[in-house]
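The structure under discussion appears below in the form of structure tokens.
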Amino acid sequence: MGNPLRTAQDRRLPRIPEPCALVIFGVTGDLSRKKLIPAVYDLANRGLLPPGFVVLGFARRDWGDGDFESLAYEAAKKGARTPWREDVWQRLASQFQFVPGSFDDDAAFDSLASTLDELRERNGIAGNAAFYFSIPPAAFPVVLNQLNRTGMADNAKSGGWRRVVVEKPFGNDLKTAMALNQLVDEVFTPEDVFRIDHYLGKETVQNILALRFANSLFEPVWNSKYVDSVQITMAEDVGIGTRAAFYDSAGAARDVLQNHLLQLLALVGMEEPTSFDPNEIRAEKLKVLKAISLPQNITEGSVRGQYLPGWVAGERAVGYLEEKGVPEDSTTETYVAVRLGIQNRRWAGVPFFVRVGKRMPRRVTEIAVLFKRAPHLPFDPADVEMLGNNQLVIRVQPDEGVVLKFGSKVPGTTMEVRDIAMDFQYGEAFTESSPEAYERLVLDVLVGDRTLFPDAAEVEQSWRVIDPLEEAWVGTKPEPYRAGEWGPRASDEMLAREGRAWRRA
């Protein structure tokens with residue numbers, strides 16, 4: 001029963017889920033240890049988890065609850081964002097349980113189902129459970145079929161709600177994505193499926209909507225009349241780490257461009273929704289994704305790259321082909337840049353340059369809106385030599401904030417105009433530090449808020465953008481670039497042909 005003294009408009013009290021269980025498949029993997037378990041601890045530390053909340057781990061380990069708790073303890077203490085409090089941990093850890101088994105082990109899933117039934121009475125979770133797939137995409141169908149066979153995905157049978165969280169990449173192309181969407185929507189109801197894109201959990205990404213629709217300052221110029229181009233960059237200074245098996249079969253376009261960057265593009269390009277209802281926001285994002293146009297000549301309008309040995313942050317870095325587990329003749333790309341358009345009245349003629357790369361000089365994700373130059377400058381040309389395009393730059397990570405670049409007179413006796421920057425940083429403007437993306441998203445799953453989760457139509461439309469690129473790249477070799485560089489030279493040439501240049505992030 002809800003609180004009779006509270007209304008939906010009351011923002012003073014935090015959102016706290018009903019008593020429930022979080023079942024993590026692949027709980028011993030990297031994602032679980034580095035992100036999920038610390039996020040659960042941070043939510044508990046902030047008082048945002050309900051009494052009786054249970055974490056059930058499932059993995060192919062012959063462990064007991066104590067082994068699971070010690071792994072979780074190390075993971076939470078290492079990755080926690082909020083201060084460590086032993087009493088909070090002890091309270092949370094007392095509700096940890098572990099079920100060993102492989103994904104094709106019927107007996108293990110029967111045991112998981114009976115454990116959830118026991119918790120319904122003992123912990124008062126009323127049959128509420130969220131299943132988190134922290135597992136390789138190839139295992140999704142097997143686990144979904146097991147959940148279907150045991151009835152664990154059935155809301156009516158469980159007596160509460162049952163939800164599933166599926167990590168990206170969702171499919172490998174349009175065909176596999178559609179098949180997976182059909183399966184997951186058959187096993188769970190579509191409203192109970194949460195396709196997670198952790199970028200949408202970042203405060204700065206959500207701030208795109210606030211920046212655009214809570215202010216009258218930007219909307220009048222947020223169109224092709226004033227915007228020259230948009231650049232979306234996701235640069236990583238790291239290599240592929242231990243992900244060779246997955247990464248070499250996917251590449252940068254499938255791994256990041258299809259989900260993270262196209263979602264950022266949709267938020268920048270979307271029209272104002274009629275409300276902040278999840279369905280309204282997704283409807284506007286989907287319109288943008290449907291309006292995306294690919295380059296007429298994909299060879300000229302896109303660049304694939306692969307990093308060679310080099311230096312990053314003063315340290316020697318091996319090339320992609322020298323990474324452990326990568327075939328020596330691999331043609332998988334670690335860098336992609338592509339020129340996209342949005343075919344609607346607001347954005348007609350405005351190029352959206354999107355790029356993603358590994359082993360770049362530094363880690364940065366940003367959206368840069370570059371405005372057209374003033375139609376007339378009544379200054380002496382020498383006075384405005386240092387003046388560039390006005391820019392609005394939304395920094396998603398690591399230095400979250402917004403930068404506005406515009407021209408200003410240099411102090412002195414002459415009229416010299418050059419660019420200056422007004423810089424807003426989250427860490428300085430607010431006394432509360434931003435929650436980690438997984439904190440927000442795990443909480444949203446448990447309270448049933450789907451605002452930040454793409455639906456099946458968005459995922460499939462994103463693949464309709466990526467598949468033609470992948471087809472055009474078949475049989476081609478990626479352009480080489482040295483680790484520590486901002487990508488292949490061909491990427492700079494792609495923009496130079498139009499008289500533009502990449503913003504140095």
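This is a predicted model, so every value here is computed, not measured.
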Sole residue of Arg464, Arg304, Arg254 in salt bridge (Lys or Arg N to Asp or Glu O under 4.0 Å) with Glu470: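 Looking at Arg464, Arg304, Arg254, the match for Glu470 under the salt bridge (Lys or Arg N to Asp or Glu O under 4.0 Å) is Arg254.
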Suppose we call two aromatic rings close when their centres sit under 6.0 Å apart. Are [X] and [Y] close by that rule?
{"X": "Phe140", "Y": "Phe133", "value": "yes"}
{"X": "Phe453", "Y": "Phe194", "value": "yes"}
{"X": "Phe170", "Y": "Trp463", "value": "no"}

Of the non-hydrogen atoms in [X] and [Y], which two are nearest, and what is the gap between them?
{"X": "Val465", "Y": "Leu289", "answer": "CG2-O, 4.4 Å"}
{"X": "Thr334", "Y": "Tyr247", "answer": "CA-OH, 3.6 Å"}
{"X": "Leu321", "Y": "Ser330", "answer": "CD2-O, 3.7 Å"}
{"X": "Gly349", "Y": "Pro351", "answer": "O-CD, 3.4 Å"}
{"X": "Pro468", "Y": "Ile298", "answer": "O-CD1, 3.8 Å"}
{"X": "Phe188", "Y": "Val193", "answer": "CB-CG2, 4.0 Å"}

Could you check whether any side-chain heavy atom of [X] comes within less than 4.5 Å of a side-chain heavy atom of [Y], counting everything from C-beta outward?
{"X": "Glu485", "Y": "Met360", "value": "no"}
{"X": "Gln425", "Y": "Arg395", "value": "yes"}
{"X": "Val166", "Y": "Val164", "value": "yes"}
{"X": "Trp347", "Y": "Val227", "value": "yes"}
{"X": "Arg503", "Y": "Glu366", "value": "yes"}
{"X": "Leu267", "Y": "Val205", "value": "yes"}
{"X": "Pro295", "Y": "Val338", "value": "yes"}
{"X": "Ile37", "Y": "Leu71", "value": "yes"}

Val356: which of Ile232, Val336, Thr233 passes side-chain contact (heavy atoms from CB on, under 4.5 Å): Val336
Derivation and outcome, salt bridge (Lys or Arg N to Asp or Glu O under 4.0 Å), residues Asp492 and Arg500: CA-CA 9 Å; Asp492 294 320; Arg500 295 183 173 95; over 6 Å; no
Counting N and O atoms only, with roles assigned by atom type, does the side chain of [X] sit under 3.5 Å from a partner on the main chain of [Y], one being a donor and the other an acceptor?
{"X": "Glu479", "Y": "Gly305", "value": "no"}
{"X": "Gln306", "Y": "Thr332", "value": "yes"}
{"X": "Asn145", "Y": "Pro141", "value": "yes"}
{"X": "Glu493", "Y": "Pro488", "value": "no"}
{"X": "Trp502", "Y": "Ser491", "value": "yes"}
{"X": "Arg363", "Y": "Asp237", "value": "no"}
{"X": "Asp277", "Y": "Asn279", "value": "yes"}
{"X": "Arg497", "Y": "Glu300", "value": "yes"}
{"X": "Asp248", "Y": "Ala244", "value": "no"}
{"X": "Ser32", "Y": "Thr28", "value": "no"}

Report the distance from atom [atom1] of [X] to atom [atom2] of [Y], rounding to the nearest 0.5 Å.
{"X": "Glu460", "Y": "Met178", "atom1": "CD", "atom2": "CE", "value": "5.0 Å"}
{"X": "Arg355", "Y": "Leu495", "atom1": "CZ", "atom2": "CG", "value": "8.5 Å"}
{"X": "Thr365", "Y": "Ile394", "atom1": "OG1", "atom2": "CD1", "value": "12.5 Å"}
{"X": "Leu262", "Y": "Leu257", "atom1": "CG", "atom2": "CG", "value": "5.0 Å"}
{"X": "Asp197", "Y": "Leu441", "atom1": "CG", "atom2": "CG", "value": "8.5 Å"}
{"X": "Arg450", "Y": "Ile281", "atom1": "CZ", "atom2": "CD1", "value": "12.0 Å"}

Greater than 12 external heavy atoms within 6.0 Å of [X]'s [atom1]:
{"X": "Arg346", "atom1": "CZ", "answer": "yes"}
{"X": "Lys290", "atom1": "NZ", "answer": "no"}
{"X": "Arg316", "atom1": "CZ", "answer": "yes"}

Working for side chain to side chain contact (heavy atoms under 4.5 Å, CB included), residues Leu183 and Val187: CA-CA 6 Å; Leu183 176 60; Val187 176; 4.0 Å; yes
Any Lys/Arg nitrogen of [X] or [Y] sitting under 4.0 Å from an Asp/Glu carboxylate oxygen of the other?
{"X": "Asp444", "Y": "Arg163", "result": "no"}
{"X": "Glu458", "Y": "Arg195", "result": "no"}
{"X": "Arg282", "Y": "Asp455", "result": "yes"}
{"X": "Lys358", "Y": "Glu236", "result": "yes"}
{"X": "Arg339", "Y": "Glu498", "result": "yes"}

Residue pair Glu280, Ser275: steps toward the side chain to side chain donor-acceptor pair (under 3.5 Å) verdict: CA-CA 6 Å; Glu280 297 290 342; Ser275 72; 5.1 Å; no
Working for side chain to side chain contact (heavy atoms under 4.5 Å, CB included), residues Val354 and Val230: CA-CA 8 Å; Val354 182; Val230 178; over 6 Å; no
Any side-chain donor near an acceptor of the partner, Ser302 and Trp473, under 3.5 Å: yes
Parallel, tilted or perpendicular, as decided by the 30° and 60° cut-offs, for the rings of Tyr438 and Tyr132: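 Because their plane-to-plane angle lies in the 30° to 60° range, the rings of Tyr132 and Tyr438 count as tilted.
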Working for side chain to side chain contact (heavy atoms under 4.5 Å, CB included), residues Met234 and Leu261: CA-CA 8 Å; Met234 178 181 165; Leu261 297 193; 3.8 Å; yes
Six-ring centre of Phe218, Arg212 cation under 6.0 angstrom, axis tolerance 45°: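 No, cation not above the ring by the 6.0 Å, 45° rule.
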Candidates Tyr307, Tyr481, Tyr320 - the one meeting ring-ring contact (aromatic ring centres under 6.0 Å, His included) with Tyr335: Tyr481
Asp30 and Lys34: CA distance, side-chain angles, deciding distance, salt bridge (Lys or Arg N to Asp or Glu O under 4.0 Å) verdict: CA-CA 6 Å; Asp30 271 6; Lys34 292 178 180 176; 3.8 Å; yes
Salt bridge (Lys or Arg N to Asp or Glu O under 4.0 Å) evaluation trace for Lys287 with Glu284: CA-CA 5 Å; Lys287 288 178 189 174; Glu284 296 302 337; 3.4 Å; yes
